[in-house]
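For reference, the structure discussed in these notes is given below.
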Amino acid sequence: LAGAGAGAALLLAPRFLCDAFDNLKDAPEAVLYALALLAWASALRRARPAGFALAGLLTGLALAQKANALFLPVHVLTFFALANLRRWRRGEARLAFPWAGLPLAAACGVAAWLAVSPMLWSDTLRRVLIQVDYFAGQGAQSYVAQDWDGPRAFLLTTPPALLLLAALG
């Protein structure tokens with residue numbers, strides 16, 4: 001419930017809604033990313049094959065929408081580590097590492113990604129490498145003249161109550 005509320009809060013935030021008009025991929029990506037994280041949390045807790053298949057499917061769809069989904073494994077592993085730390089402190093049984101679930105999730109994710117990415121239906125490997133080269137080049141660009149545009153825009157467009165809550169941690 002908290003995860004769904006956090007996802008809804010993001011989608012209704014004025015900053016996000018304004019940015020979504022400039023980049024039409026942001027809104028569906030946010031939905032798919034949030035749903036994928038919720039599916040991963042559920043799959044890790046219940047450890048059922050269907051849960052891992054759903055988590056992989058949603059991850060693949062999020063990746064097809066936008067490359068930000070490449071950060072999902074970092075968030076999933078962080079959740080896994082923190083959940084186990086919390087369980088250990090409470091004296092509860094830890095979550096088992098999903099050795100069997102991960103390959104299923106990976107297969108479903110790649111299948112979903114390819115199924116909804118027509119540009120990858122032919123000459124797949126070469127076209128994936130073109131995308132990798134593009135993203136690698138994006139990271140090498142310099143935005144020296146605009147270093148403060150992001151923080152300035154964030155401070156000027158984020159509701160003050162949200163800024164206060166962020167400052168409080």
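Being a predicted model, the structure only gives us computed values, none of them experimental. All heavy atoms count here, side chains included; hydrogens, waters and symmetry mates do not.
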Heavy-atom closest pair (Ala55 atom, Ala39 atom, distance to 0.1 Å) is CA-CB, 3.7 Å
Check: Is His75 close to Tyr33 at the side-chain level, that is, under 4.5 Å between some pair of heavy atoms?
Finding: yes
Is any side-chain heavy atom of Val76 less than 4.5 Å from a side-chain heavy atom of Leu44? yes
Note, Phe80 side chain near Asn84 side chain (heavy atom, < 4.5 Å): yes
Taking every heavy atom of Leu114 against every heavy atom of Trp121, the minimum-distance pair comes out as O-NE1, 2.6 Å
* Please lay out, stage by stage, how Leu58 and Leu38 fare under the test side chain to side chain contact (heavy atoms under 4.5 Å, CB included). => CA-CA 10 Å; Leu58 289 167; Leu38 291 171; over 6 Å; no
Residues pairing under salt bridge (charged side-chain N to carboxylate O under 4.0 Å, His left out) where one sits in residues 57-66, two or more places apart or in two chains, turn out to be Asp26-Lys66
When rounded to the nearest 0.5 Å, the distance separating CD of Glu29 from CD of Gln65 is 6.0 Å
So, the side chain of Arg87 versus the backbone of Leu95: is there a donor-acceptor pair under 3.5 Å, distance only?
no
TODO: May I have the step-by-step check of side chain to side chain contact (heavy atoms under 4.5 Å, CB included) for Ser42 and Arg48, ending in yes or no?
DONE: CA-CA 9 Å; Ser42 176; Arg48 293 187 184 135; over 6 Å; no
Residues 105-120 vs salt bridge (charged side-chain N to carboxylate O under 4.0 Å, His left out), sequence neighbours excluded, gives none
Applying salt bridge (Lys or Arg N to Asp or Glu O under 4.0 Å) to Arg126 and not counting sequence neighbours gives Asp123
